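Everything on this sheet refers to the single structure shown next.
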Amino acid sequence: MPIQQSEVLYTAVATAENGRDGRVATDDGKLDVVVNPPKEMGGSASGTNPEQLFAAGYSACFQGALGVVARQENADVSGSTVTAKVGIGKNSDGFGIIVEISAHIPNVDAATATSLLQKAHQVCPYSKATRGNITVTLV
């Protein structure tokens, strides 16, 4: 269920100049990066790219969701990491992205790790935003 404007706790603001081959900066100056297409897409790869930025945000958000779920389940996720791989490629109407999320959770068994990942995927705001729009695989 979407949130209402009155329920917004924080709003991030970023401005891009020159699209995928330029610069992106936040209004508070904490992020200011050159963006370029990767070499695989004909770019210089001298800066970061939107897929890397999305992967960074998604992995951080998912790690937070994992922590929420772990507290509810009394599971120890200390020392865990979450990796998001974001791929971009051509599809029937231009380009699309695909995501693979993996986690290393050293203090739980494999079945518990799988269960925690599935539950985190249900509560993570990035997962909610992409559900039904792109393929997200948990590994």
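Bear in mind the structure is a predicted one, so any value in this text is a computation, not a measurement.
- Qualifying side chain to side chain contact (heavy atoms under 4.5 Å, CB included) partners for Arg23, counting only residues two or more places apart in sequence or in other chains: Glu17, Ala25, Asp32.
- Side-chain atoms of Asp21 never come within 3.5 Å of backbone atoms of Asn36 as a donor-acceptor pair (strictly under, hydrogens ignored).
- Rounded to the nearest 0.5 angstrom, Glu51 CD and Asn49 CG are separated by 5.0 Å.
- Each ring-ring contact (aromatic ring centres under 6.0 Å, His included) pair with one or both residues in residues 4-44, not counting sequence neighbours, would appear here, but there are none.
- For residues 25-52, no residue pair satisfies the ring-ring contact (aromatic ring centres under 6.0 Å, His included) rule, not counting sequence neighbours.
- Listed by chain and residue number, nothing satisfies the side-chain hydrogen bond (donor to acceptor under 3.5 Å, both in side chains) test with Ser92 (two or more places apart in sequence, or in another chain).
- With sequence neighbours excluded, the residues satisfying side-chain hydrogen bond (donor to acceptor under 3.5 Å, both in side chains) with Glu73 are Lys119.
- Using a 4.5 Å cut-off between side-chain heavy atoms of Ile, Leu, Val, Met, Phe, Trp and Tyr, Ile97 falls into a hydrophobic cluster with Met41, Phe54, Tyr58, Phe62, Leu66, Val69, Val77, Val82, Val86, Ile88, Phe95, Val99, Ile101, Ile105, Val108, Leu116, Leu117, Val123, Tyr126, Ile134, Val136, Leu138.
- Hydrophobic clustering (side-chain heavy atoms under 4.5 Å, transitive across Ile, Leu, Val, Met, Phe, Trp, Tyr) groups Leu31 together with Val35.
- Here the shortest heavy-atom pairing between Ala55 and Ala84 reads CB-O, 3.5 Å.
- Listed by chain and residue number, nothing satisfies the side-chain hydrogen bond (donor to acceptor under 3.5 Å, both in side chains) test with Thr81 (two or more places apart in sequence, or in another chain).
- Proximity of a side-chain donor or acceptor of Thr114 to a complementary backbone N or O of Ala110 within less than 3.5 Å is detected.
- Considering all non-hydrogen atoms of both residues, Cys61 and Pro125 come closest at SG-CD, 3.4 Å.
- Among all heavy-atom pairs drawn from Pro50 and Arg20, the shortest one is CG-NH1, 3.6 Å.
- Under the side chain to side chain contact (heavy atoms under 4.5 Å, CB included) criterion, Glu40 pairs with Pro38, sequence neighbours left out.
- A heavy-atom distance below 4.5 Å is not found between the side chains of Ser127 and Gln122.
- Applying the side chain to side chain contact (heavy atoms under 4.5 Å, CB included) criterion to Thr11, with sequence neighbours excluded, gives Val8, Val13.
- Counting only residues at least two apart or in different chains, side chain to side chain donor-acceptor pair (under 3.5 Å) contacts with residues 128-139 are absent.
- For Ser102, there are no side-chain hydrogen bond (donor to acceptor under 3.5 Å, both in side chains) partners at least two apart in sequence or on another chain.
- Judged as a side chain to side chain contact (heavy atoms under 4.5 Å, CB included), and not counting sequence neighbours, the contacts of Ala14 are Val24, Thr26.
- Between the OG atom in Ser80 and the CD atom in Gln63 there is a gap of 4.0 Å [rounded to 0.5 Å].
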